[in-house]
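Read the structure below first, then the notes.
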Amino acid sequence: MSNSRPLPSSFDGDEDFYSENRFTKLRRRLFEEPLIPLGIAITCLALYRASKSLKLGDKAATNKYFRWRIYGQAFTIVAMVGGSYYYQSDREKRKKMDEGEKMRLAEEKRRNWIRELEVRDQEDKEFRERAREVAERKRRRREEGAGAGGDGKIVAQVKALKEEAGKEGE
């Protein structure tokens, strides 16, 4: 039994997560914490040099580069932990700004919705007023037709004929 619905995610309500592509996210993260990529580069360079020296059989250089790999990894971890403490206030500020922006957009959406409802209400009132005017015109025409001898004239003629028939029967 396969279900076609996607699995729920913790990012379902986060529009920025879905609107940001990989390149822009990588670029943003590089500017947020520039020391982490530096530590990764040091670690990768040390591993590359260690593998080269291992192929050449230089045990002393291999050990030196493996130590540099450990230093690079330690620098990366320190940069991650230090960066998380250092940038924590910036992240909180950005989160507050994002929440403020979401609230502003929600308020704007609500105002637009209310404006749309007001426009629809005005259109509805105008439609009802026109319908009332049309009904009023029809009513006036009927009254004028009755007074001018339209349907009312026929009714009067029928009454007159009945009265004459009643007088003749007497």
One pair to check against side chain to side chain contact (heavy atoms under 4.5 Å, CB included): Leu35 and Phe75. What are the steps and the verdict?
CA-CA 9 Å; Leu35 295 178; Phe75 177 79; 4.3 Å; yes
Show your reasoning for whether side chain to side chain contact (heavy atoms under 4.5 Å, CB included) applies to Met80 and Thr76.
CA-CA 6 Å; Met80 288 170 58; Thr76 304; 4.1 Å; yes
Determine, step by step, whether Phe66 and Leu47 satisfy the side chain to side chain contact (heavy atoms under 4.5 Å, CB included) criterion, reporting the C-alpha distance in whole Å, the side-chain angles of both residues, the deciding distance to 0.1 Å, and the verdict.
CA-CA 7 Å; Phe66 276 134; Leu47 280 172; 4.2 Å; yes
Apply side chain to side chain contact (heavy atoms under 4.5 Å, CB included) to residues Thr43 and Trp68 and explain how you reach the verdict.
CA-CA 7 Å; Thr43 303; Trp68 276 102; over 6 Å; no
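Paired with Leu105 under the rule side chain to side chain contact (heavy atoms under 4.5 Å, CB included), one option of Glu107, Glu101, Lys102, Met103 passes, and it is Glu101.
At a threshold of 4.0 Å, the pair Glu129-Lys125 does not count as salt-bridged, since none of the basic side-chain nitrogens sits closer than that to a carboxylate oxygen. The existence of a salt bridge linking Glu136 and Arg139 is confirmed by a sub-4.0 Å separation between a basic side-chain nitrogen and an acidic carboxylate oxygen. Note on Arg94 versus Asp90: no salt bridge recorded, every NZ/NE/NH1/NH2 to OD/OE distance being 4.0 Å or above.
Looking at every heavy atom in both residues, Ser53 comes nearest to Ala50 through OG-O, 3.0 Å.
Side-chain contact check for Leu26 versus Arg29: every heavy-atom pair is 4.5 Å or farther apart. The side-chain heavy atoms of Val134 and Arg137, taken from C-beta on, include a pair separated by under 4.5 Å.
To the nearest 0.5 Å, atoms OH (Tyr86) and CD (Glu33) are separated by 11.5 Å. Here the CG atom belonging to Asp124 is positioned 6.5 Å from the CG atom belonging to Asp121, to the nearest 0.5 angstrom. In this structure, Arg27 CZ and Asn21 CG are separated by 11.0 Å, a value rounded to the nearest 0.5 Å. Note: Asp58 CG to Asn63 CG = 9.5 Å, rounded to the nearest 0.5 Å. Taking CD of Glu99 as the start and CD of Glu92 as the end, the distance is 10.5 Å to the nearest 0.5 Å. Between the CD1 atom of Ile42 and the CZ atom of Arg69 there is a distance of 14.0 Å, given to the nearest 0.5 Å.
Without hydrogens or angle criteria, Tyr87 side chain to Glu32 main chain gives a donor-acceptor distance under 3.5 Å.
Atom CZ of Arg128 is surrounded by 12 or fewer heavy atoms from other residues, nucleotides or ligands within 6.0 Å.
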